[in-house]
Structures are given as C-alpha cells and as structure tokens.
Number of protein chains: 2
Amino acid sequence: MLKHAPKTTSVTGGAADVPVDCKNCGAYQLCMSLWLKTGDSSLLERVVKKKQVFKRGELLYHMGQQVDYMYVIRGGSVKTSVSTEDGQVQVIGFHEEGELLGLNAIESRQYSCEARAMRVTSVCEVSMERFEELAGRDPAIQHEVLKIMSAEIRLSHELLLLLGKHNAEERLAIFLLRLSQQFARRNCSPTEFNLSMSRSDIGNHLGVAEETVCRILARFQDDGIISSECRHIKLNDMKRLQQIAHLRPIEQT
Amino acid sequence: MLKHAPKTTSVTGGAADVPVDCKNCGAYQLCMSLWLKTGDSSLLERVVKKKQVFKRGELLYHMGQQVDYMYVIRGGSVKTSVSTEDGQVQVIGFHEEGELLGLNAIESRQYSCEARAMRVTSVCEVSMERFEELAGRDPAIQHEVLKIMSAEIRLSHELLLLLGKHNAEERLAIFLLRLSQQFARRNCSPTEFNLSMSRSDIGNHLGVAEETVCRILARFQDDGIISSECRHIKLNDMKRLQQIAHLRPIEQT
DNA sequence: CGAGACATTGAGTGCGTTCAACCACTGTGG
DNA sequence: CCACAGTGGTTGAACGCACTCAATGTCTCG
C-alpha cells in the first residue's frame, strides 16, 4: 500500500530532457512578437539563451537577487516561495512547462520571491536587459507583461481566499481541482496525474501540516473520492470534490 | 472603558471633504506625466473627472464589473476584497488618501476585486479608456503602471506569508506595525492613530475571528504594549511588538 | 425610543497541530 | 553485496489555539 513510485519519468509529467514544442509554450506569443516585429531571426537567439538546466532542489533565483533573467520552463517543475527574515517559508505556486517566471518584480529590479526546481528542470533563460529594450519599443510586448502580472495578482487573490477562508479539507479539495484544471489545460488527463511536489510542499502551500495533508487524502480515498498512491492521484468523483470545495463552511460573512 | 469615540472627524484621519494637496498625492507622478508630456492643461481635466464622493458602505466597484475608471483616493478610507461564489469574503487591503485603485486588473478588463468605502470618501475618477490611449504612447506612464502592479504583488505576498505562517498574536502585531509604517509614510504619528476599519474588518483581513482580535488587543493592552480605546490606538512599546511579530514560533522550516 | 452596528467578555468545543514512532524506498560507501 | 543514513509518507495520541455560541454594553441613526 505504501509502495513508492519508481523514479522513472512519469507519463503525464513530461521528461525534463525533452524540449517542449515552442508552439505549445506559454510564452509562445511573447517570443513570436519578438520574432515577427524585428524580422530578424537571430534576434530571438540573442535574447533567449536556451537550455539552462537545474537539478532537483537547485535555485533558479532567490528573493532580493538582482533581476538579470526571466525564465521559461521548457520541462520540469518549479516551486516559487516567499520567506520572512527568520526563515519561515510560504510556497506561493507550483509551475510546470510552458510557464514564465521572474516577471512579477520587473519594476523593483529584484526578484520578489525565490524559485526552486522540484526535479530536473530545463528552462529558456531570457536576458531581461535585452527584453526591456524591446518592450520599450513594442506595445504588444508591454501588453504581454501586463497580462502575466495580472494573472499573478489573480492567483495571489485566489490563494489569499483559500488561506483565509477555508478549512483543511476544503483547501485540499480546491487544490486537487485546480491541479486538475491545470493538467486539462496542458492536454493531460484531468482525472489521473502525477504530483510533482511532496506532501510537505503541498502542506506548506495550503497552510496546513504535512500530516494533515496525508490524513485528508487518506479520508478522501476511504470515501472513494480519489485514489492516491504516493504521488499518483486519480480523481474518481469530481462532483463530490466540488461539493467539498464550494460548500459554505460558515454561513454568514 | 468601552466609550466609543464620537463621530467627529479624527485628527490623524483627515476629513473626507477637504481635498488633498495634489503634490502629496500617491498618483502625483502619474498625473504630472500626463500633464507635462502633452503641455495641455485641459487634458488632465478631461482624463480626470474630479470629486466623485462615496458614502460609508458604498461600492466603488465590484468583482467582475467592467473596468471603466480607476480611482485615486483624495480623502477617506477604502477596503478591497475578493469573494467566493458562495459569498465568503476576504479583505485584501485597506487604502487611504493618495492611493490608486483599479489598476490590478488592467489586462482582463474586469475588476479582480471589489472596493468599498469604509467612511465618506472622495476620489478622483480617471477614465480608463483615455488613460490607456495616453499610456500606449508614453513609456513613462507604462512604467508607472508596472510599478503599481509590482507593489500589489509584493503586498499580496506579504499577506500570504501572514495568513500561512503566523498565529493570531503575530498577525495582530504585524498588522499594527504595518499600520504604523503606513501612517509614518503619510507624515502622521507612527505611534498614535485612529483605525478606519472595524474589528470585524481587521479579523477578516487577518484570517481570525472578530472576537480574537478583541481579546488579543486587550492582552496587548494588559501587557502595556499598546493603549486601545475603540478605534484609537497608541503603540507604547514598539520593541516588544516587533519581538512578537518576528519571533519564530516554530523553529524549523 | 428602538433597531442595528460595533465592541467586549466568558464558556465550552473541536480542528488541526505537535510529538512520536514506523514503514518504504534511495543512494552511498565500505 | 549489504549496512547505514536520509528522505518522504503514513498513522496514532494528546494538547491547545482559536473558533463558535451567547450575553451584554455602548453608541449611532432614523
């Protein structure tokens, strides 16, 4: 029952050493607008330095570090987090292939959070300096930046609502449903997938103890709502999961 | 001991009907860059429709509403919040004179949160349409927008850390210290001020019950750390407050 | 004056925590 | 090859923080 999954690359996870198709990349529009505006195909090469690889546990960047690059995840998984002076850490997001990191602090010139690879992860490093030169001249790129930052704010707000107004069970249900949507968006199965993050990371992200994550997942499994074996998750009853996620726990505001 | 403060306008709070000096406005740079670039003083008048007034409890805008205006607070207090479909509300920020609201959703064309006046509040309404026309031509304005959105993201991250990793006592201490800084920035006393929000709003914002807010403030008062009479707060011992706020409650990550 | 919002305080409870032990599996070094 | 330490996951027991429920007081507003 407690068999740990072998370390071979999972089917749904996507191998880190297989470069993703640019057309399916989350930054495709951004990259193409660089390309098309200039008509100079070598420009993309100069701005985008490809194939930087980070091993499991390595930092892409840390809080306060000067912003030199932004990163597009080609394959792998990254978690972002903020921390207090005394070392408390809050995981604010999990990121998979196609996502763009490092733009949320574009104004302050310092990364406002840290990013760490959860497994072997390959990225496109994009020179921030060059990028900003282009962005200054091209409103379309500016607009892409706004789009990304808006999305970041929206996500933060969702997480705030989760941390402030939901109990542990609801948090887990919401988390699973969001993961499901995320996988669906990447054309993976929305009901069966492999988690790229540990129980500890999930607990930290959701503001509950690691043990509580285990217990609640076990309860969901006992109730037949999900099947969970280590990092392999199968959602059997989306409807009940949604009920748990949305049911008001306290009636009044 | 439970005397409620009379409803006369407080000294530190600033009367809502007295327009703030534009030079001290948080959006001064933004407004001036509109002004100076064009050299047309009537332009500002056309973009900024002045002196819209909202009464206590009135909505400036709600979630999902189409973005037509952004708002600069001239005087008064506003709370912003997000909510779930089933009516759960999470207050994400309190805003005073000089602050700019409504830019966090510039990309999606829909406000991503709601804004509600906590007392009589006068604002400058800024036409979003006109504003974007100008922003499209002027990189300096674009940069101001990025600056504001970056600040929004930074604030969200701070609140996430607070909700995810601190107990009720720490939350209150952190909240009071942040308020203190905020007042200092507006050239008001950092150790004695009037709260513009209710205990209920504070509790909601910090993710604790209203009663817990009362109890902890009472405890702080018993310990001589603060003096609290209704909405009038005096910080007597900033050092101990900072100890409470930063002291690690759990040692390991 | 009564209704309602806001604030305070007490009593009791429960959810999620901490502490602890244990299992399964991985990687390293003798 | 096996022993060992280390990581990640699971489960049980007990505690305590913050919650809910309830009552009461103070002030505002219509």
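As the structure is a prediction and not an experimental result, all values here were calculated from the model. Here is the naming used below: chain letters follow the sequence lines, and residue numbers restart at 1 for every chain.
- Annotation: cation-pi geometry not satisfied between B:Arg178 and B:Phe175 (NZ/CZ under 6.0 angstrom from ring centroid, within 45° of ring axis).
- For B:Arg231, counting side-chain heavy atoms from C-beta on, the closest listed nucleotide (D:dC21, C:dC6, D:dG9) is C:dC6.
- Looking at every heavy atom in both residues, A:Met238 comes nearest to A:Ser180 through CE-OG, 3.5 Å.
- The interatomic distance linking B:Asp201 (CG) with C:dA5 (C1') rounds to 12 Å, in whole Å.
- Ion pair B:Arg116/B:Glu114 flagged as a salt bridge, since at least one NZ, NE, NH1 or NH2 atom sits closer than 4.0 Å to an Asp/Glu carboxylate oxygen.
- Among the nucleotides C:dA7, D:dT20, D:dT10, the one closest to any side-chain atom of A:Arg199 is D:dT10.
- Checking the phosphate oxygens (OP1, OP2) of C:dT17, a side-chain nitrogen or oxygen of A:Thr212 falls inside 4.0 Å.
- Residue A:Glu210 contributes atom CD, which lies 16 Å from atom C1' of D:dG12 at whole-angstrom precision.
- Side-chain atoms of B:Arg215 and base atoms of D:dT20 include a donor and an acceptor less than 3.5 Å apart.
- At a cut-off of 3.5 angstrom, counting only N and O atoms as typed in the model, there is no donor on one side facing an acceptor on the other between the side-chain of A:Glu169 and the base of C:dC15.
- In this structure, B:Gly203 reaches neither bases nor backbone, as no heavy-atom distance under 4.0 Å exists between it and the strands shown.
- Whole-Å rounding puts the B:Leu206 CG to D:dA18 P distance at 12 Å.
- Between the CG atom of B:Asn167 and the P atom of C:dT17 there is a distance of 13 Å, given to the nearest Å.
- For A:Ser228, taking side-chain heavy atoms from C-beta onward, the closest of the listed nucleotides C:dG16, C:dA7, D:dT10 is D:dT10.
- A salt bridge is defined here as a Lys NZ or Arg NE, NH1 or NH2 lying under 4.0 Å from an Asp or Glu carboxylate O, and B:Arg119 with B:Glu96 meets this definition.
- Rounded to whole angstrom, the span from the CD1 atom of A:Ile233 across to the P atom of D:dG9 amounts to 11 Å.
- Computed from coordinates, the A:Ile216 CD1 to D:dG9 P distance equals 16 Å when rounded to whole Å.
- B:Arg119 has its CZ atom 14 Å from the P atom of D:dC29, to the nearest Å.
- Listed here is the closest heavy atom pair of A:Val82 and A:Met63: CA-SD, 3.8 Å.
- Computed from coordinates, the B:Asp222 CG to C:dT8 C1' distance equals 12 Å when rounded to whole Å.
- When the nucleotides D:dT11, C:dA7, D:dT20 are ranked by their closest atom to the side chain of B:Glu211, D:dT20 comes out on top.
- Residue A:Arg56 places at least one side-chain N or O closer than 4.0 Å to OP1 or OP2 of D:dG8.
- Comparing C:dT17, D:dT11, D:dG8 by their closest approach to the side chain of A:Ala218 singles out D:dT11.
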